[in-house]
Colleague: 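Supplied in structure tokens, the structure appears directly below.
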Amino acid sequence: MKVLMKGNEALCEGAIRAGCRFFAGYPITPQNEVPEYMSWRLPEVGGHFVQAESEVAAINMIFGAASTGVRSMGSSSSPGISLKQEGISYCAGADIPFLIANVMRGGPGLGNIAGAQGDYFQSTRGGGHGDYKLFVMAPQGVQDMIDFPTHCYEIAYKYRVPAMILADGIIGQMMESIEMKTPEIDPKNLKEPDWALGINNTGRPKRRVTSYDLREGMLEKMVLERVKRYRELEKEVLWEEKMTEDAEIILVAYGTSARVSATAVKMAREKGIKAGLFRPITLSPFPKKRLFELASKTKDFMAVEMSLGQMVEDLRLSINGKANVHLHAKPGGSLIAPEEVFDSIIKVTKEGVKDYATIK
Amino acid sequence: MQLLNERPKSLLDVSMHYCPGCGHGIVHRLVAEVMDELNIREKTIFVAPVGCAVFADTYFNCDAIQGPHGRGPAIATGIKRAKPDSIVVSYQGDGDLASIGMAETVHSAARNENITIIFINNAIYGMTGGQMAPTTLIGQKATTCIYGRDPKVNGYPIRICELLSSLEGTRYAERTTVHNVAGVVKTKNAIKKAFQNQVNGIGFSIVEVLSMCPTNWGVRADNPSEATKYINDQMVKIFPPGVYKDVK
Amino acid sequence: MYLGARLSGFGGQGVVSAGVLLAYAGMLDNKNVSFFPAYGAEMRGGTANCSVVVSDEQVASPVVTAPDVAIVFNEPSFAKFEPLVKKGGVLIINTSLVNSKSTRKDIKIIEVPLNQMADKLGNSKVLNMIALGALSKVTNAVSKESLSEAIPKVYKKLKPELIELNRKAVLEGYNYIN
């Protein structure tokens with residue numbers, strides 16, 4: 001059965017279906033529906049909600065709750081995510097899995113409250129201090145918002161890394177008809193992780209959740225052990241392709257930009273231009289191997305993003321000089337129109353512009 | 001031979017890194033004794049701060065977490081809400097609790113989180129090398145106020161027990177000292193009450209302990225009693241010991 | 001089939017909730033739908049508007065920049081959206097509050113005195129339902145039956161007599177269009 005749901009609310013319902021039972025957050029547009037929904041919904045399923053005094057306190061409440069093995073979640077929008085970075089780094093450093101959603105808005109600074117994609121670097125490079133990575137998924141609609149939390153928790157717990165859902169204001173605020181497909185997980189049926197803090201009535205060894213080791217060489221060892229898991233995590237890469245087999249130009253876009261690009265591809269095909277779409281579903285890890293493969297037969301790639309051009313750098317690293325990489329970028333929380341992207345496709349394919357880059 | 005005293009079960013047999021004459025070791029032992037006496041060791045989750053007590057997560061014989069500077073009460077909130085049957089203690093110093101973590105301190109009290117906070121006030125940043133703390137006394141020298149704290153430049157020391165006692169959510173706030181035997185006994189009783197309150201579900205309880213920092217107070221190693229004297233003669237004037245809040 | 005709609009008016013005219021209802025009705029008609037509110041910083045007053053897409057195919061952008069149909073509930077909305085309606089599209093004007101006349105020859109203009117009609121039905125709040133009834137007739141994008149069915153699904157707390165009144169208002173708008 002289909003239901004009509006707002007992206008932010010679908011995200012909450014998806015997280016609860018995935019067994020989330022703790023949420024701490026702070027109001028910020030355009031993610032306000034998330035704490036609002038969680039505040040009444042979590043108690044219904046025996047979970048806990050705290051409205052924190054700050055973004056910083058919220059992420060640390062999550063650090064505490066997640067350390068007990070309870071599936072925990074946080075959410076915010078760009079400026080709030082910046083404030084949380086110290087806490088995210090601690091969680092990554094202590095190998096504590098949890099889910100965090102960034103419903104991106106225009107920046108830098110206070111920016112505006114429209115949807116944007118300017119936090120790509122922050123999300124895919126760790127974001128806070130130190131060497132670490134997150135598992136990052138980019139939803140392109142409300143169905144993804146309800147589906148992704150289950151997968152995020154699965155990966156986060158398997159590899160002991162924090163997982164992020166990188167959405168934007170448009171996906172958070174829009175309503176779409178969706179299906180509730182993911183199974184409902186009862187946390188009681190989940191095995192307690194062997195690192196979880198809690199009541200020790202079995203005489204097991206004491207457990208410590210910590211991100212530090214001051215002994216000489218020991219932190220290096222700790223980080224290198226984590227790197228092994230990051231390497232394993234590479235195989236969890238996900239992407240989607242549309243009409244790439246015969247494409248002379250492949251648009252590469254995630255989230256809202258991928259939706260817009262799909263329309264532009266359609267417009268191009270109607271005009272006889274062989275355009276295709278490559279949509280990274282995971283941004284970290286990034287589908288670089290597949291893009292490199294595609295570069296052996298397609299000579300033009302164009303990143304389409306609602307930023308100054310951030311993902312394009314990963315695209316360039318993936319293609320590694322094997323094909324041309326172009327850019328259609330739009331910063332400042334403005335939506336890209338499919339017609340503009342179509343124009344850029346024409347510039348590259350018909351007018352043969354080299355290293356095409358437009359920032360509109 | 002008769003055994004008069006032994007290491008509390010809640011304290012691991014490891015050597016601590018604290019300086020000679022420091023008050024942390026005394027308070028650690030008192031916390032451990034209370035955990036033994038209330039039989040809560042297996043239920044306790046210890047939240048270690050950033051500061052001199054950063055390694056405390058390795059000293060106590062219970063599950064422990066070490067978190068960002070000042071965020072102990074937020075971490076404790078998350079743990080307690082997620083695992084309401086556990087006993088959660090956040091152990092913090094003055095820079096941690098009264099400066100960078102002031103918001104977490106105030107709001108966990110305002111929410112009446114059912115947690116226990118042990119607050120070590122030695123009026124200085126210890127681990128980083130003697131900088132001015134939010135509780136540094138007027139005139140007291142520190143590496144960031146080398147001529148002594150000047151209120152015109154540095155403002156005034158913050159009295160945490162007085163401040164928190166104005167909040168409805170604070171259930172118990174007491175200030176004690178560990179500079180003499182009577183103070184140590186009172187400190188233990190206060191710590192015990194702060195834990196007992198959590199066991200009984202009474203709510204937010206904090207014990208502020210005035211504690212010595214001979215190293216950063218510039219006390220000569222051959223005359224450690226100067227540190228206890230400083231508490232006795234100076235600190236208690238600004239931070240009077242006593243029960244500031246006790247809601248049954 | 002693709003319909004991109006833009007609904008705009010004062011806060012309180014039920015513009016946003018009408019948008020949700022339109023999307024819901026489209027869903028009941030087995031279409032792909034999206035609803036997107038323009039969320040401003042102001043909470044009360046000001047202009048409220050939203051985008052709704054009803055389509056056989058997957059919805060690309062949920063933000064409708066060149067609407068196939070726009071419903072303007074007040075004067076400022078007319079000024080904003082009249083020029084944006086796609087060539088060959090439809091502009092539904094609430095003549096109770098909009099005095100301006102469109103000079104565009106390339107779009108279809110539908111004039112409906114929404115406030116007067118709603119008052120006649122005994123409840124000034126149902127003007128948004130009248131507008132949706134008119135949209136259903138003009139565009140065929142959603143059926144009046146689905147609009148009717150969606151009412152209690154979207155407005156879960158509505159009393160039975162008000163559900164009936166809202167349904168009546170949809171029909172009123174539908175029948176107003178020849």
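Values below: every heavy atom of this structure, side chains too, minus hydrogens, waters and symmetry copies. Each chain gets a letter, A, B and so on, in the order its sequence line appears, and its residues count up from 1. Keep in mind that what you see is a predicted model, and the values were worked out from it rather than measured.
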Colleague: Quick check on the 6.0 Å ring-centre criterion: do B:F55 and A:Y212 meet it?
Modeller: yes
Colleague: Using non-hydrogen atoms and a 4.5 Å limit, figure out which bit of A:A57 sits close to chain B: side chain, backbone, both or neither.
Modeller: both
Colleague: Which atoms of A:L197 come close to chain B, meaning under 4.5 Å heavy atom to heavy atom: side chain ones, backbone ones, both, or neither?
Modeller: both
Colleague: Of the listed residues (A:T210, A:V70, A:T68), which shares the most heavy-atom pairs with chain B below a 4.5 Å separation?
Modeller: A:T68
Colleague: When only pairs under 4.5 Å are counted, which of B:N61, B:V54, B:T58 shares the most heavy-atom pairs with chain A?
Modeller: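 Heavy-atom pair counts peak at B:T58.
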Colleague: Supply the atom-to-atom distance B:S165 OG to B:Y172 OH, rounded to the nearest 0.5 angstrom.
Modeller: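 The OG atom of B:S165 sits 13.0 Å away from the OH atom of B:Y172.
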Colleague: What part of B:R41 gets within 4.5 angstrom of chain A, counting heavy atoms only: side chain, backbone, both, or neither?
Modeller: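 For B:R41, neither part sits under 4.5 Å from chain A.
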Colleague: Tell me yes or no: between the side chains of A:R226 and A:Y132, is some donor less than 3.5 Å from an acceptor?
Modeller: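 There is no such pair between these side chains.
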Colleague: Are there more than 12 heavy atoms of other residues, nucleotides or ligands under 6.0 Å from atom CG of A:D131?
Modeller: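 Counting neighbours around CG of A:D131, 12 or fewer heavy atoms of other residues, nucleotides or ligands fall under 6.0 Å, so no.
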Colleague: Picking from B:P68, B:C62, B:P73, which has the most non-hydrogen pairs under 4.5 angstrom with chain A?
Modeller: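 Highest number of pairs under 4.5 Å: B:P68.
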Colleague: So which part of A:S67 gets closer than 4.5 Å to some heavy atom of chain B, the side chain, the backbone, both or neither?
Modeller: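 Side chain only.
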Colleague: Can you find a pair of side-chain heavy atoms, one from B:R175 and one from B:F239, that are under 4.5 Å apart?
Modeller: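 A side-chain contact exists here, since the closest heavy-atom pair is under 4.5 Å.
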Colleague: Going by distance alone, is a donor N or O of one side chain under 3.5 Å from an acceptor N or O of the other, for B:R111 and B:T77?
Modeller: yes
Colleague: What part of B:L12 gets within 4.5 angstrom of chain A, counting heavy atoms only: side chain, backbone, both, or neither?
Modeller: side chain
Colleague: Taking side chain as everything from C-beta outward and backbone as N, CA, C, O, which of these in A:L214 sits under 4.5 Å from a heavy atom of chain B? Side chain, backbone, both or neither.
Modeller: side chain
Colleague: Would you mind checking which part of A:R21 comes under 4.5 Å of any heavy atom in chain B, side chain (CB onward), backbone (N, CA, C, O), both or neither?
Modeller: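 Neither part; nothing is under 4.5 Å.
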Colleague: Using 30° and 60° as the class boundaries, would you call the ring planes of A:F63 and A:Y90 parallel, tilted or perpendicular?
Modeller: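 A:F63 and A:Y90: perpendicular rings.
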Colleague: Counting heavy-atom pairs under 4.5 Å with chain A, which one of B:R81, B:K83, B:K43 comes out on top?
Modeller: B:R81
Colleague: Are side-chain N/O atoms of B:Q66 and B:D57 paired as donor and acceptor at under 3.5 Å?
Modeller: no
Colleague: If we count only N and O atoms by modelled type, under 3.5 Å, do the side chains of A:Y37 and A:E13 hold a donor and an acceptor together?
Modeller: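 Note: A:Y37 and A:E13 side chains meet the donor-acceptor criterion.
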Colleague: For the interface with chain A, which of B:I79, B:V47, B:I45 has the highest count of heavy-atom pairs at distances below 4.5 Å?
Modeller: B:I79
Colleague: Checking heavy atoms, do the side chain of A:F22, its backbone, both or neither come under 4.5 Å from chain B?
Modeller: side chain
Colleague: Given a strict heavy-atom distance threshold of 4.5 Å, which part of A:R204 is in contact with chain B: side chain, backbone, both, or neither?
Modeller: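 Side chain of A:R204 only, per the 4.5 Å heavy-atom cut-off to chain B.
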Colleague: Which one wins on heavy-atom pair count under 4.5 Å against chain A: B:A82, B:A64, B:A110?
Modeller: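 Winner by heavy-atom pair count: B:A64.
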Colleague: Run through B:T116, B:N112, B:N197 and flag the one making a side chain to side chain contact (heavy atoms under 4.5 Å, CB included) with B:F204.
Modeller: B:N112
